[in-house]
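Sequence positions, counted from 1, serve as the residue numbers for this chain.
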Amino acid sequence: MSIHVARTAADLEHKLAQSRIGFTVQRVPAVSADWGLVDGALQHTTRGFFSVNGVRLASGDERVLLFQPQGAVTGLLNARIDGERCFLLQARAEPGCLGEAQFGPTVQSTPANFLQMHGGATTPYIRAFVEHTPFTSVVDDTTQLDLGERYLCKSKRSILAETTAPQPAQAAFVWASCDALREAVLRSAFLNIDLRSILSIAGWQDGHLSPRNREVQASAAAPLRSDVLGEVVRALAAAGRPQTQVVPLEDLVNWYADEWGWREREARQGFAVEFYEVTAAHREKASWVQPLVNSHGEGRAVLACRERSGVLEFLVTVAAEPGLATGAALAPSVLTYPGSALHAPRWLDASRLWTSTVESDEGGRFFRDVSRYETVRIDDWAGDTDGFWLTLAELKAMLRTSNACTIQLRGVVPQLLGAE
């Protein structure tokens, strides 16, 4: 049995182009959708998907946050094919993706989808992650936080699984080699944030999925400092959980409904909620209408790196966000959401750009919400910081801890696989 494996990013691009066939997205009036205000929230008539909610903080500030009580499953399947470690990717067209299609993990699905609550087709490969299946074993299974300025208490189950009986990929799927992934992580809008998130959690020391750069390899193999990790854990625990109250959308002073959805009177959160009609050839359902968050500017996520005593260290900060179930999580050195004003620290001007990509937030909820993901070098760092300098080994330990890191931190770290 011959199994095709994409061994370069160019090989992957061909599969991605195929997934765009038959895919369209266009903004439509709100009345076109099976969505409406139910109990003060914007919901689908089945109540089986996410909802758009008004939230009031203890400070009196208002937010619009998405609420999805069902935890999504994101799963990445790997196997040895002809002695080489390969990963099964899905070429996935999404209404909000830059370029319309990007590669996602093998499975990226909510229970509403894989339980077929909307009447769609079965989610391919889902059994490998939610049932016992022969020749398949779970390698890693954690719960990871989602966007804390966009979602209310949302997390995802992030699963790495291995099969000893790989089969040829189904349509819209492709087996990718580690070399192909090391190329792909440095391409903009090519691997989606959910796939990048799982790659950040995956083991990088097995001799296959390992960084190109020797300095990065050495930092990934550095011994863990228990005192440093203890300080990080204490800082996260001390942040506390913000007090939030769900309120009807129509009670929010700064938000109002129009024919396209909901929007702000004054730009505070920096986005609107609008409706889009989607058709797709390779999804569980062929067409649908849904709301998407549409932000009004570019975000930024920067991970700073320095060398100390011959070992690379990375600067992480503690971000307190109203939608995080934990209250706070580790974030990149600099983090700004799309639609928000960037407040860049002075040291950023003195840094040297190392890697950079432009990415969109999850295409199933956000309409081309763009952030610039960067790693920068600043080896002559002399200033103080409220964050923590971690080796890559320590950073990976935190990434593999449930509900400890922001999705933006998980999204930027895989660039280190391809860094020269």
Side-chain angles (χ1 to χ4, degrees), residues 27 30 35 37 40-43 49-68 95-96 98 145-155 193 239 241-276 290-302 317-329 331-332 334-344 358-373 406-409 411:
R27 193 175 72 152
W35 290 71
L37 282 181
L42 185 61
Q43 302 186 61
F49 300 90
F50 65 96
S51 61
V52 182
N53 293 70
V55 173
R56 186 166 290 127
L57 309 184
S59 64
D61 290 344
E62 297 175 342
R63 295 285 196 280
V64 164
L65 296 176
L66 308 183
F67 181 57
Q68 184 177 304
L98 285 178
L145 299 166
D146 214 312
L147 298 163
E149 292 285 356
R150 295 292 186 265
Y151 285 107
L152 182 61
C153 299
K154 184 188 175 186
S155 60
I193 291 299
R241 173 80 175 86
Q243 296 298 311
T244 58
Q245 177 186 10
V246 176
V247 298
L249 274 175
E250 57 265 45
D251 286 357
L252 298 182
V253 175
N254 195 46
W255 285 81
Y256 68 97
D258 67 7
E259 64 174 315
W260 302 104
W262 287 79
R263 63 190 66 251
E264 295 183 291
R265 301 180 193 279
E266 298 178 6
R268 296 175 186 172
Q269 288 186 260
F271 65 82
V273 178
E274 300 171 336
F275 284 86
Y276 294 83
Q290 68 168 93
L292 293 170
V293 169
N294 188 356
S295 295
H296 309 316
E298 185 177 275
R300 195 174 186 187
V302 182
T317 58
V318 175
E321 299 179 349
L324 295 178
T326 54
V334 177
L335 176 59
T336 303
Y337 273 75
S340 299
L342 174 64
H343 300 289
V358 175
E359 308 297 340
S360 52
D361 288 331
E362 180 188 345
R365 300 290 181 268
F366 305 91
F367 186 71
R368 298 167 190 170
D369 275 18
V370 171
S371 291
R372 191 168 298 275
Y373 284 73
T406 63
I407 192 169
Q408 295 95 336
L409 181 57

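Phe67 pairs by the ring-ring contact (aromatic ring centres under 6.0 Å, His included) definition with nothing, not counting sequence neighbours. Applying the ring-ring contact (aromatic ring centres under 6.0 Å, His included) rule to Tyr337 yields no partners; only residues at least two apart in sequence or on another chain are considered. For the side chain to side chain donor-acceptor pair (under 3.5 Å) test, no residue two or more places apart in sequence or in another chain qualifies with Ser340. The salt bridge (Lys or Arg N to Asp or Glu O under 4.0 Å) check on Glu250 picks up nothing, with sequence neighbours excluded. Taking Asp258 as the reference, Arg263 meet the side chain to side chain donor-acceptor pair (under 3.5 Å) condition, with sequence neighbours excluded. For Phe50, the ring-ring contact (aromatic ring centres under 6.0 Å, His included) test picks out Trp35, with sequence neighbours left out. Thr244 is linked by a side chain to side chain donor-acceptor pair (under 3.5 Å) to nothing, counting only residues two or more places apart in sequence or in another chain. Residues satisfying the salt bridge (Lys or Arg N to Asp or Glu O under 4.0 Å) criterion with Glu62, sequence neighbours excluded, are Arg56. Qualifying side-chain contact (heavy atoms from CB on, under 4.5 Å) partners for Val370, counting only residues two or more places apart in sequence or in other chains: Leu98, Glu298, Val358. Residues satisfying the side-chain contact (heavy atoms from CB on, under 4.5 Å) criterion with Ala344, sequence neighbours excluded, are Leu342, Leu348. Contacts of Trp260 classified as ring-ring contact (aromatic ring centres under 6.0 Å, His included), with partners at least two apart in sequence or in another chain: none. Contacts of Asp146 classified as side chain to side chain donor-acceptor pair (under 3.5 Å), with partners at least two apart in sequence or in another chain: Lys154, Lys156.
Between His343 atom NE2 and Thr336 atom OG1 the span is 7.5 Å, to the nearest 0.5 Å. In this structure, CD1 on Ile407 lies 7.0 Å from CD on Glu362, to the nearest 0.5 angstrom. Considering CD of Gln408 and CG of Leu145, their distance stands at 10.5 Å, rounded to 0.5 Å. Atom CZ of Arg365 sits about 14.5 Å away from atom CZ of Arg150, to the nearest 0.5 Å. With values rounded to the nearest 0.5 angstrom, Glu321 atom CD is found 10.5 Å from Leu65 atom CG. The OG atom of Ser295 sits 13.5 Å away from atom CZ of Arg368, with the distance rounded to the nearest 0.5 Å.
At least one side-chain heavy atom of Pro332 sits less than 4.5 Å from a side-chain heavy atom of Leu409. Within the 4.5 Å cutoff, side-chain heavy atoms of Asp361 are placed close to those of Pro338. In this structure the side chain of Arg300 never reaches within 4.5 angstrom of the side chain of Ser371, judged on heavy atoms. By the 4.5 Å heavy-atom criterion applied to side chains, Asp369 and Val293 are counted as neighbours.
The ring-ring contact (aromatic ring centres under 6.0 Å, His included) with Phe271 is formed by just one residue from the set Phe367, Phe366, Trp255; it is Trp255.
Closest approach of Leu324 and Ala319 over heavy atoms only: CD1-O, 3.9 Å. In plain terms, the two heavy atoms of Arg63 and Glu149 that are nearest each other are NE-OE1, 3.6 Å. Here the shortest heavy-atom pairing between Ala328 and Val318 reads CB-CG1, 3.8 Å. A pairwise comparison of heavy atoms in Val64 and Leu249 identifies CG2-CD2, 3.9 Å as the closest pair.
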Test side-chain contact (heavy atoms from CB on, under 4.5 Å) on Trp262 and Leu252 and set out the steps.
-> CA-CA 11 Å; Trp262 287 79; Leu252 298 182; over 6 Å; no
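A donor-acceptor pair is defined here as one N or O able to donate and one able to accept, closer than 3.5 Å; no such pair exists between the side chain of Glu359 and the backbone of Ile193. When atom types are taken as modelled, the side chain of Gln68 and the backbone of Tyr151 share no donor-acceptor pair closer than 3.5 angstrom.
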